[in-house]
Amino acid sequence: MFKYKLKASFIHLAISAFIVFSFLIFVRSYWYPEPFFSISGLATILIMIVAVDLVLGPLLTFIVYKPQKPTLKFDLITIAAIQLAALGYGMYTVYQAHPLYVTYAMDRFSPINASEVDPEQAQFAELKKSKMTGPTLVYLQKPTDRAEMSKITMEVISGKADLDARAEYYFPLEQRIDEVIANGLNIEAFAKQPEHKAKLDEFLAKYGQKLEDYAFLPLVGKEKDVLWAFSRKTREPVDIVEISPWSS
């Protein structure tokens with residue numbers, strides 16, 4: 001009996017592992033490409049998904065499985081339904097929280113979740129997108145009209161989306177990238193601190209050149225805030241440095 005239970009549980013585990021890890025690969029490579037996974041605080045949710053689908057399901061199968069049991073088919077369908085419901089809830093939670101845009105506003109980049117923004121409100125065609133897609137870098141252009149800003153402020157107070165989650169004020173980042181690069185932080189101030197210098201030296205050892213060849217900008221996350229390095233030559237993001245932008 002133990003051998004049959006173990007075999008059934010192993011088959012259940014193999015099927016569950018294939019489904020769960022396929023989803024995790026999709027999430028890491030598409031919805032949460034680096035550096036956004038590192039700063040997202042998503043690990044706890046994913047651990048819960050893995051625990052439910054890779055531990056609870058096969059364990060329940062091990063407990064209920066008995067060859068020739070009259071209700072065996074019903075029991076296994078019930079376990080599968082519970083698993084799928086839990087996985088579906090986890091998938092929906094991750095989908096809602098994944099960054100659809102990463103806005104540069106004021107002096108920092110901030111991920112904007114799919115649940116917070118309506119892409120159809122974007123004024124640029126290339127910024128209208130499905131909520132199933134991954135993050136797009138954008139520049140937030142605040143209204144210059146005082147009356148419009150006052151209206152937005154009142155709407156935010158009443159519970160509507162904040163300015164950085166309003167796609168109608170987004171511009172493609174490449175249109176304003178020179179301005180963004182020019183707003184890079186004074187990295188020399190960070191380099192004066194030994195623990196920060198060590199991380200910056202590690203960054204340079206990996207990517208080469210000198211500190212002045214990069215613009216370091218704040219990237220705000222749910223789990224931590226970091227410095228995001230952009231190449232001054234290519235105007236493209238390179239990597240993050242795990243230094244708080246507010247610690248210089």
Side-chain angles (χ1 to χ4, degrees), residues 26-42 92-185 214-240 245-246:
F26 172 81
V27 168
R28 287 285 281 108
S29 60
Y30 194 61
W31 280 349
Y32 285 87
E34 289 295 356
F36 308 112
F37 182 82
S38 296
I39 65 171
S40 68
L42 186 66
Y92 182 73
T93 301
V94 173
Y95 157 75
Q96 287 281 78
H98 87 272
L100 195 62
Y101 297 99
V102 182
T103 64
Y104 182 82
M106 297 291 289
D107 61 351
R108 68 198 65 182
F109 283 98
S110 302
I112 305 298
N113 297 346
S115 62
E116 298 176 318
V117 63
D118 180 7
E120 290 304 312
Q121 298 301 315
Q123 61 175 312
F124 292 90
E126 62 264 40
L127 299 183
K128 293 179 184 288
K129 51 186 292 191
S130 165
K131 285 196 172 186
M132 290 295 292
T133 58
T136 299
L137 305 188
V138 296
Y139 181 97
L140 177 68
Q141 178 64 60
K142 288 188 175 183
T144 56
D145 182 69
R146 290 187 177 182
E148 188 175 358
M149 276 302 301
S150 296
K151 178 186 176 184
I152 292 171
T153 301
M154 294 305 297
E155 289 177 348
V156 172
I157 292 173
S158 68
K160 293 186 178 180
D162 209 341
L163 183 61
D164 61 356
R166 298 189 181 216
E168 59 265 38
Y169 298 108
Y170 293 170
F171 281 71
L173 184 66
E174 57 267 24
Q175 291 189 12
R176 305 296 179 89
I177 190 63
D178 288 342
E179 180 181 340
V180 173
I181 294 292
N183 288 334
L185 299 173
Y214 301 94
F216 292 87
L217 299 142
L219 174 61
V220 178
K222 285 186 172 63
E223 185 168 275
K224 57 187 173 183
D225 301 342
V226 296
L227 295 177
W228 201 7
F230 278 67
S231 168
R232 293 186 183 275
K233 181 179 180 180
T234 66
R235 298 299 200 254
E236 295 289 334
V238 179
D239 201 351
I240 60 170
W246 330 117

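Remember, it's a predicted structure, so these values are computed and weren't measured experimentally.
For the pair Lys131 (side chain) and Pro119 (backbone), a donor-acceptor distance under 3.5 Å is absent. Counting only distance, with no hydrogens or angles, the side chain of Arg232 and the backbone of Tyr214 share a donor-acceptor pair below 3.5 Å. Side-chain atoms of Trp31 come within 3.5 Å of backbone N or O of Met132 as a donor-acceptor pair.
The number of heavy atoms from other shown groups lying within 6.0 Å of NZ (Lys128) is above 12. Crowding of Met149 atom CE: a count of heavy atoms from other residues, nucleotides or ligands under 6.0 Å exceeding 12.
Minimum heavy-atom separation, Leu137 to Pro237: CD1-CG, 4.3 Å. Shortest non-hydrogen contact noted between Val156 and Leu163 is CG2-N, 4.5 Å. Closest non-hydrogen pair, Glu223 versus Ser38, comes out as OE2-O, 3.6 Å. The two residues Asp145 and Glu148 come nearest to each other via the heavy atoms OD2-N, 2.9 Å.
Applying the side-chain hydrogen bond (donor to acceptor under 3.5 Å, both in side chains) test to pairs two or more places apart or on separate chains, those with a residue in residues 158-168 are Glu155-Arg166.
Counted by atom type alone, Glu179 and Tyr139 present one or more donor-acceptor pairs between their side chains at under 3.5 Å.
Tested against Val138 for a side chain to side chain contact (heavy atoms under 4.5 Å, CB included), the candidates Tyr104, Phe124, Phe171, Tyr170 yield a single pass: Tyr170. Checked options Thr103, Thr136, Val180; the residue passing with Leu173 is Val180 (criterion: side chain to side chain contact (heavy atoms under 4.5 Å, CB included)).
Atom CG in Asn113 sits 8.5 Å away from atom NE2 in His98 (nearest 0.5 Å). Distance CZ/Arg108 to CG/Leu185: 10.0 Å, rounded to 0.5 Å. Interatomic distance, CG of Leu227 versus CZ of Phe216, reported as 7.0 Å (0.5 Å rounding). For the atom pair CG (Leu219) and CD1 (Ile240), the distance works out to 7.0 Å, reported to the nearest 0.5 Å. Taken to the nearest 0.5 Å, the CG atom of Asp107 stands 9.0 Å off from the CG atom of Leu217. If you take OG1 on Thr133 and OH on Tyr30, they are separated by 5.5 Å, rounding to the nearest 0.5 Å.
Residues meeting the salt bridge (charged side-chain N to carboxylate O under 4.0 Å, His left out) test with Arg28, sequence neighbours left out: Glu34.
In this structure, Tyr169 and Ile152 have side chains that are in contact, with non-hydrogen atoms separated by less than 4.5 Å.
Taking the six-membered ring where tryptophan is involved, the planes of Tyr32 and Phe37 are perpendicular, since the angle between them exceeds 60° and thus also 30°.
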Q: Apply the test side chain to side chain contact (heavy atoms under 4.5 Å, CB included) to residues Leu140 and Met106: give CA-CA distance (whole Å), side-chain angles for both, the deciding distance (0.1 Å), then the verdict.
A: CA-CA 8 Å; Leu140 177 68; Met106 297 291 289; over 6 Å; no
